[in-house]
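Report on the following structure.
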Amino acid sequence: EAPPQCPEKPPRPGSPNASTSTSVASAGGTPSSRASSPSPPPSPSRSAGSDEAGKTTVMMRNLPLELTRDHLVQLIHDEGFYGQVDFLYMPVEFASGLNSGYAFVNLTSHS
């Protein structure tokens, strides 16, 4: 017997409690006769006046595993990007304390 599903979350596709008999709309907007995974939601449009206009996210790869987040922030600042970074994500493996070799940096402008 499967454990009860949380009422806030729909069952995962492929789980024993998932229904496969529902009709899902295809990309053209017509109902499909077979079940398929739903398409991702459309990305929000960005206008010149929105808060997101002009921002750029950069993925930094092949970082030395011993590099800490603080050292990466200092390196970014030393390279002339002080005040231009509003978010930095660098995952760390808790067992070893080392980073995963990549980071995402959100810059506030393209220049």
Determine the minimum heavy-atom distance between [X] and [Y], stating which atoms define it.
| X | Y | value |
| --- | --- | --- |
| Leu67 | Asn99 | O-ND2, 2.8 Å |
| Arg69 | Met90 | N-CE, 3.0 Å |
| Ser109 | Thr56 | O-OG1, 4.4 Å |

On the 0 to 90° scale, with breaks at 30° and 60°, tag the Phe87-Tyr89 ring pair as parallel, tilted or perpendicular. parallel
We want to know whether Gln74 and Asp70 form a side-chain donor-acceptor pair, criterion being a heavy-atom distance below 3.5 angstrom. no
Asn106 and Thr57: side chain donor to acceptor below 3.5 Å: yes
Ignoring hydrogens and angles, tell me if any N or O in the side chain of Ser100 forms a donor-acceptor pair with the backbone of Tyr102 under 3.5 Å. no
Rounded distance [0.5 Å steps], CG in Asp78 versus NE2 in His71: 10.5 Å
Rounded to the nearest 0.5 Å, what's the gap from CG on Leu65 to CG on Asn62? Could you check? 10.0 Å
ILVMFWY network linking [X] to [Y], side-chain heavy atoms under 4.5 angstrom:
| X | Y | result |
| --- | --- | --- |
| Leu63 | Val92 | no |
| Tyr82 | Leu107 | no |
| Val85 | Phe104 | no |

Can you establish whether the number of heavy atoms outside His77 located under 6.0 Å from its atom NE2 is more than 12? yes
Any side-chain heavy-atom pair of Leu98 and Glu93 under 4.5 Å: no
